Number of protein chains: 2
Amino acid sequence: MLSKETLTAKLGAVPEAEPRSYHHGNLRTALLDAAERGLREHGADQLSLRDLAREIGVSHAAPRRHFADRQALLDALAESGFLRLADTLRSALAEAADDFSARVRDSVTAYAHFATDNAALLELMYTSKHRPEAPRIAEAAGAAFGPLIELIEQGQAHGALEPGDPERIGLVLYATVHGITTMINGDMIAGELLDELVETAVAQFLRGTRPLRNP
Amino acid sequence: MLSKETLTAKLGAVPEAEPRSYHHGNLRTALLDAAERGLREHGADQLSLRDLAREIGVSHAAPRRHFADRQALLDALAESGFLRLADTLRSALAEAADDFSARVRDSVTAYAHFATDNAALLELMYTSKHRPEAPRIAEAAGAAFGPLIELIEQGQAHGALEPGDPERIGLVLYATVHGITTMINGDMIAGELLDELVETAVAQFLRGTRPLRNP
DNA sequence: CCTCAATGTAGACAGCGGAAACAATGTTGT
DNA sequence: ACAACATTGTTTCCGCTGTCTACATTGAGG
């Protein structure tokens, strides 16, 4: 690789040179990028390894060097989806105001928009067939939900939430938002209702988990 | 195979006669039955029209007379899934006690168990690609959710729930349960937590949507 | 009884995922 | 510098699938 592509390669960027030679150089990430586009545009069912190979300009068996089979590619997509979701949630929390209810609302809204903006990807992320690759996915999923569990713990520490297992309490909230987005992505309810429903869910959650002052 | 053929046939059930001649007689329902079994055992991805035809003992092109393509069969499965779900919810409500919170808990629990007992089917029901068959699915889905919306309205009438659009208020509850089951079906959380999480969700819902007496 | 629509069959086709053998290119030890 | 070696891409082949078309069998209604 020390002949002509030295400069671009040094920057860590995609070479993307037109006259490609025998070795692509970045086939794995090129496959993932193309797969993510195809996933968004045509859904996971229509995703074909041969299509991706054609689109990239490589032989149909080349992807096999990077993904053992089709499901391995889908697993990798799911994993990267959780990592991107984790980023999204982290930055939403970083930019959110200080008060607890605002942080809950902002993070939950960020999740909801990520889920509806990446409908096919979300479906993939939550239908990970239990495979050898699954542990990596579960780990990435854990990383995505970590900040949210922390948020619940902070709410409890500040007395805004009732005590109890943070995972159990928080899970119900995230399940709610996930369910809402699933129904929207499945065309069961109109997408315009998203923000309204999320607001309702957050309000119900805050009221339903407030510490009891006058029992 | 089955000894009670004549009796069941009288009830409008599947004849299922062994010595089949040129015409099967019930191929459509036989296909749906076999498909539902395959769906439960191997998932929707592994469902093959040719497999079903082989299993039933019919030529590989025969299913085409009853389902325009593979997706049409999946759509039919999704529709019948919603119809069965509607039955399940109706009978759960019929057997439930009179008080509102018990009715909410029982119906929601029935939904949750249906969803986890029919994981692959639920996935199918909620990922109906928008197709010509979709309206039928949406209609069946509406029929399933009808009794639940009614339940919310009754709760409001009895003063157990805050006023407001019943669909919006109830949707949040059902989205919560659906989200919980999705996470369980996707192995994100342990299945043993189902009842506990559902209880938590119902409790949060009832507390979060109670009318405000002392504002 | 005869026609006709419904239903099942047979055969063909292209596309796919996967496996194996082969070729070109980097990499590394000496 | 150069010879093994590992990595990555190619080619070829296989069985399977969904779908299409032409044909066969059957049952129902005039």
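Sequence lines set the chain letters: A, B, ... in the order given, protein chains first and strands last, and positions in each chain run from 1. Keep in mind that this is a model prediction, so the values were computed, not measured. Heavy-atom basis, side chains included; hydrogens, waters and symmetry copies ignored.
In terms of the side chain to side chain donor-acceptor pair (under 3.5 Å) criterion, residue partners of His113(A) (sequence neighbours excluded) are, by chain and number, Asp195(A). Every residue meeting the side chain to side chain donor-acceptor pair (under 3.5 Å) condition with Asn118(A), not counting sequence neighbours, appears here in chain and number order: Arg40(A), Arg84(A). Applying the side chain to side chain donor-acceptor pair (under 3.5 Å) test to Arg37(B) and every residue at least two apart in sequence or in another chain returns Glu55(B). The side-chain contact (heavy atoms from CB on, under 4.5 Å) check on Ala53(B) picks up Val58(B), Pro63(B), with sequence neighbours excluded.
Distance, Gln71(B) CD to dT17(D) P: 18 Å, rounded to whole Å. The interatomic distance linking Ile56(A) (CD1) with dT10(D) (P) rounds to 11 Å, in whole Å. At whole-Å resolution of the value, CG in Leu27(A) and C1' in dG26(C) are 16 Å apart.
Shown here is Arg70(B), whose CZ atom has more than 12 heavy atoms of other residues, nucleotides or ligands within 6.0 Å.
Looking at heavy-atom distances under 4.0 Å, His60(B) makes contact with a base.
Side-chain proximity of Arg70(A) to the nucleotides dT19(D), dG17(C), dG8(C) is greatest for dG17(C). Closest to the side chain of Arg65(B), from the set dT17(D), dG8(C), dG18(C), is dG8(C). The side chain of Arg54(B) lies closest to dT17(D) when the candidates are dC16(C), dT8(D), dT17(D).
The nearest heavy atom of DNA chain D to Ala61(B) and to Ser59(A) marks one nucleotide each, and the one closer to the 5' end goes with Ser59(A).
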List the atom pairs, with distances to 0.1 Å, where a side-chain N or O of residues 138-156 of chain B and a protein N or O form a donor-acceptor pair under 3.5 Å, not counting sequence neighbours.
residue	atom	partner	partner atom	Å
Gln156(B)	NE2	Glu162(B)	O	3.1
Gln156(B)	NE2	Gly164(B)	O	2.9

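Remark: Leu47(B), Ser48(B), Leu49(B), Arg50(B), Asp51(B) in residues 45-52 of chain B come within less than 4.0 Å of DNA chain D through at least one heavy atom.
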